[in-house]
Amino acid sequence: MAKAKIKNLVIVESPAKAKTIEKFLGKDFKVTSCNGHIRDLEKKNNGVDIENNFSPFYKISDEKKSVVKELKKLSKDSELVWLASDEDREGEAISWHLKEALELKNDKVKRIIFNEITKPAILHAIENPRSIDDNLVEAQQARRILDRLVGFELSPLLWRKVKPSLSAGRVQSVAVRLIVEREREIDAFKPEAQYRVVADFKIDNGNGSTTLTAELSTKFKTKKEALEFLEKCKDADFSVESLEKKPAKKSPAAPFTTSTLQQEASRKLRFSVIKTMMVAQKLYENGHITYMRTDSVNLSDLALQSSKDAIIKDYGEEYSHTRKYKTKSRSAQEAHEAIRPSYFDKETVDGTADERALYELIWKRAIASQMSDAKLERTTVKIALSNRDEKFVAKGEVILFDGFLKVYLESTDDENGENGADGIIPPLRNGQKLDYKSITATQRYTRPPARYTEASLVKKLEELGIGRPSTYAPTISTVQKRGYVSKEERPGKERKYDVLTLVGKKEINQEVKTEITGADKGKLYPLDIAMLVNDFLLEYFPDIFNYEFTAEIEKELDDIASGELQWQNMLNSFYHPFHDKVEHTVENSERVSGERILGFDKKTGKQVSVRMARFGPVAQLTDLNDEEAKPEYAGLRPTQKLEKITIEEALDLFKLPRTIGEFEGEEVVAAIGRFGPYVRHNNKFYSLGKEYDPYTVTVEEAIPVIEEKRKKDAEKTIKIFEENESYKILKGRWGPYLKAGRMNVRIPKDMDASKLTYEDCVKLAEETVEKGKAKKAASKK
DNA sequence: CAGTGAGCGAGCTTCCGCTTGACTT
């Protein structure tokens, strides 16, 4: 037998981690990685033999075949193999799969764990190996099988009852549910107006005057009440009734986990969760930060010490305060450290602007977490009126010692931000008489709950213990890809509000102002299909899409991990009732169409209804008296909802397309398409933009639009081929290109676009088609 | 890119959690 070439082979999950660890271990160790899970359940028959006590069928994932082949070779050449995957359920399972797939004998394998990548932690791990924890592996297996059974039994049910290609799962369906329910709360919300009264008092403290702004503690329901109050103010005496100073403190937030990093990067840097993860991955691979998929707020002793050194060096002893944080997340498995800089003395790193910005955020948050509290003094002043019981209140806050605020303050999701106590209160004494400069009563409306952003959805999922750091970003992509949710920008609506202003003792000035309300950017909106699927799933499977389901499952998985529960027993008691419900639903539920009959068109007597059709939500006109007549259809606009649309709105949809006149002997038709309102003339389309409304636009208005577009096109055109008019050479952003029918073809740099013949172009077009096919075939693999 | 919705019915879709590439533009 050939002698082993490698003494010790260590397998970790991530290649970047392998590189770091190899530096800590001597030359007797080779460190390599398996890149996550290497095997998964087969797709055939759901990968589980239910009859045979839930026996799983595993296969090596296609993209991992080469990894496994390489690891097998290395392990054959090694005396000892150290399985060093993460210290959690999934990590334990990865080690077990490695042992199985690499066919490692017990005496050749050691299992080690460490949850921080520091030299002492690694050396300690090597000195304290253990064997694979079968209970923990079984807990993972139960988790995996349960998710497979839920997903692969419910999705096909949706294909039959709602629409093909839909999906359902323990995690994604709850994400969709949250968004659907929030949207319905917003729909049901009725804003209420109140009059908020704010006064500016003149304070003269000898050396110049300042202004003190105070808000009335009472809000008025009606304009009449607000006016009455202002009227009284004219004759009132104002005086300081009480002056209260209280010391206060602020403490820093814990260092980042995946979820909090995604939230802050979204708020402070406007990154999507995917972008945050991509940039963080780069920082991790370049050795700048610790692992970015973690649910732990823990810092290693080494990190605590080096952050302390950095703080004392940069800010001084009084700014240092060593803190240990405890996770609040109930699903946390804490296999890693919190996300922190690898080296606290590096305030910045080289890289792209995004990388530098995210690094800076991570550095600040981690440093601040080890800094002193900020000490504040909060002042509350109450100002009384001589002729009314209401009080004006002013709040001020002064920072006595900035502490951690010197580097970092966490942002919030609060969009109102109205009653922030800030600024300095000028010196005042009890009983001091005050004069107002102005008093303003402004009509303010209560706001509906905010729609979720990607990041606030992640926050909510984490609170519910649903999903894991590695899946937050992919889950959000999935629900969008399946067409349940879309991230959108919506313009708001105008709304009038009253402003009543009293200046001095003059007449009260009444003004009506306009504000934009309900404008939203980057928020998650549910589509109609999400409403239908959500209601269907909740009707037939209320206990699975219950917000508590995952938490209950987690408890049972913990029991499996501790050896108190047998994994097949757990699956048995879940699966059989579940499967019966699936069968029952197949037989007893109607196909979901979301149909609503809205009423009858007064003019024609036809029935007006809406429903989900093959290409999306449609409105339908049906002549109930004539069975032969085909119904008319019109697609709903993206902003319209099946469950909310009114009969008037539905009837409006049939007013388009509208023939508005003739131009050059051809009809001009106005309509709304996928890209907004347009007019069609001679089979060509001209976008109307926001300027014209397709319901009212006249042919006189449309003709200049057509002519303008023609002029632009002519400027763009270099050449049209006589042989075939659909072949054109056009000027594009990156130089000339060929438009062959509907396809855009790139012209290679070494060709002179103006000299191309028709034959050259046909050839170029054919080549491009071939390339496209090859690419498609490759991506299918 | 810009308006579809008939009917037949083969063959396909889908889960959650671990990890990165190897492709273009």
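Values reported hereafter were calculated over all heavy atoms of this structure, with side chains retained and with hydrogens, waters and symmetry mates removed. Below, chains carry the letters A, B, ... as their sequence lines are ordered, and counting in each starts from 1.
As a whole-Å value, the separation of L283(A) CG from dT20(B) P is 14 Å. Regarding D147(A), its CG atom lies at a distance of 11 Å from the P atom of dC18(B), rounded to whole Å. Counting to the nearest Å, the P atom of dG5(B) and the CD atom of E595(A) are 19 Å from each other. For the pair D88(A) CG and dG17(B) P, the computed distance is 12 Å after rounding to whole Å. Following rounding to the nearest Å, Q281(A) (CD) and dG21(B) (P) show an atom-to-atom distance of 8 Å. When rounded to the nearest whole Å, the span between CE of M277(A) and P of dG21(B) equals 16 Å. Look at CG on L146(A): it is 14 Å from C1' on dG17(B), rounded to the nearest Å. Residue L158(A) contributes atom CG, which lies 12 Å from atom P of dT14(B) at whole-angstrom precision.
For the pair Q140(A) and dG17(B), the criterion of a side-chain N or O lying under 4.0 Å from OP1 or OP2 is not met. For dT20(B), the OP1/OP2 oxygens have a side-chain nitrogen or oxygen of R293(A) closer than 4.0 Å. For R39(A), no side-chain nitrogen or oxygen approaches OP1 or OP2 of dC18(B) to under 4.0 Å. Regarding contacts with the backbone of dG5(B), every side-chain N or O of Q620(A) stays at 4.0 angstrom or more from both OP1 and OP2. In this model, the phosphate group of dC15(B) is approached by a side-chain N or O of R482(A) to a distance below 4.0 Å at OP1 or OP2. For Y678(A) and dC1(B), the shortest distance from a side-chain N or O to OP1 or OP2 is not below 4.0 Å. Applying the 4.0 Å criterion to OP1 and OP2 of dA2(B), one finds that S687(A) has every side-chain N and O outside that range. S167(A) has a side-chain polar atom (N or O) that falls below the 4.0 Å cut-off from OP1 or OP2 of dC15(B).
Contacts between residues 543-556 of chain A and DNA chain B, defined by a heavy-atom separation below 4.0 Å, involve no residue at all. DNA chain B is contacted by G467(A), R468(A), S470(A), T471(A) of residues 464-473 of chain A, taking any non-hydrogen atom closer than 4.0 Å.
The residue Y686(A) sits apart from the nucleic acid: no heavy atom pair falls under 4.0 Å. Residue contacts shown for S85(A) are absent, as no nucleic acid heavy atom lies under 4.0 Å away. Using a 4.0 Å heavy-atom criterion, one finds that P15(A) contacts the sugar-phosphate atoms exclusively. The residue A634(A) sits apart from the nucleic acid: no heavy atom pair falls under 4.0 Å. If you check every strand for non-hydrogen atoms under 4.0 Å, E153(A) touches nothing. Counting any heavy atom pair closer than 4.0 Å across all strands shown, R143(A) reaches a base atom. Looking at heavy-atom distances under 4.0 Å, L166(A) makes contact with sugar-phosphate atoms alone, never a base. Using a 4.0 Å heavy-atom cutoff across all strands shown, N46(A) reaches no nucleic acid atom at all. If you check every strand for non-hydrogen atoms under 4.0 Å, G169(A) touches sugar and phosphate atoms only. Within 4.0 Å of V150(A), counting heavy atoms only, lies no atom of the nucleic acid at all.
Mapping P164(A) and M292(A) onto DNA chain B by nearest heavy atom places P164(A) closer to the 5' end of the strand. Both A168(A) and D86(A) lie close to DNA chain B; mapped to their nearest nucleotides by heavy-atom distance, the more 5′-ward contact belongs to A168(A).
With Y291(A) contributing its side chain and K17(A) its backbone, the two residues share no donor-acceptor pair below 3.5 Å. Checking side-chain atoms of S85(A) against main-chain N and O of E13(A) turns up no donor-acceptor pair under 3.5 Å. Of the possible donor and acceptor atoms, one in the side chain of T258(A) sits under 3.5 Å from a partner among the backbone N and O of M292(A). When atom types are taken as modelled, the side chain of S155(A) and the backbone of A168(A) share a donor-acceptor pair closer than 3.5 angstrom.
Between I560(A) and E556(A) there is no side-chain heavy-atom pair separated by less than 4.5 Å.
By the 5.5 Å and 30° criteria, W159(A) is stacked with the base of dT13(B). Aromatic stacking of F152(A) on dT14(B): satisfied, with centres closer than 5.5 Å and planes within an angle under 30 degrees.
E463(A) and Y547(A) are not linked by any side-chain donor-acceptor pair at a separation below 3.5 angstrom, with hydrogens and angles left out of the test. Counted by atom type alone, Q172(A) and S167(A) present one or more donor-acceptor pairs between their side chains at under 3.5 Å.
The only option from R143(A), R468(A), Q333(A) that meets the side chain to side chain donor-acceptor pair (under 3.5 Å) definition with E90(A) turns out to be R143(A).
One C1' atom belongs to dT13(B), the other to dG9(B), and the distance between them is 16 Å to the nearest Å.
A cation-pi arrangement is present between R39(A) and W96(A) under the rule of less than 6.0 angstrom and at most 45 degrees off the ring axis. Remark: R148(A) is positioned above the aromatic ring of F152(A), its terminal NZ or CZ atom under 6.0 angstrom from the ring centre and at most 45 degrees off the axis.
For S14(A), the side-chain atoms get nearest to dT20(B) when compared with the rest of dT20(B), dC15(B), dC18(B). In the set dC18(B), dG3(B), dG5(B), the nucleotide with an atom closest to the side chain of V618(A) is dG5(B). Nearest to the side-chain atoms of A613(A) among the listed nucleotides dC15(B), dG5(B), dC16(B) stands dG5(B). Considering only side-chain atoms of S165(A), the nucleotide from dT20(B), dG3(B), dT13(B) that sits closest is dT13(B). Set against dC15(B), dT20(B), dG17(B), the side chain of Q172(A) has dC15(B) as its closest nucleotide.
Using cut-offs of 30° and 60° on the angle between ring planes, the pair H37(A) and H97(A) is perpendicular.
For R148(A) against dC16(B), no side-chain N or O and base N or O form a donor-acceptor pair under 3.5 Å.
By the side-chain contact (heavy atoms from CB on, under 4.5 Å) test, T659(A) pairs with E667(A), V669(A), sequence neighbours left out.
By the 4.0 Å N-to-carboxylate-O rule, E92(A) lies close enough to R111(A) to be salt-bridged with it.
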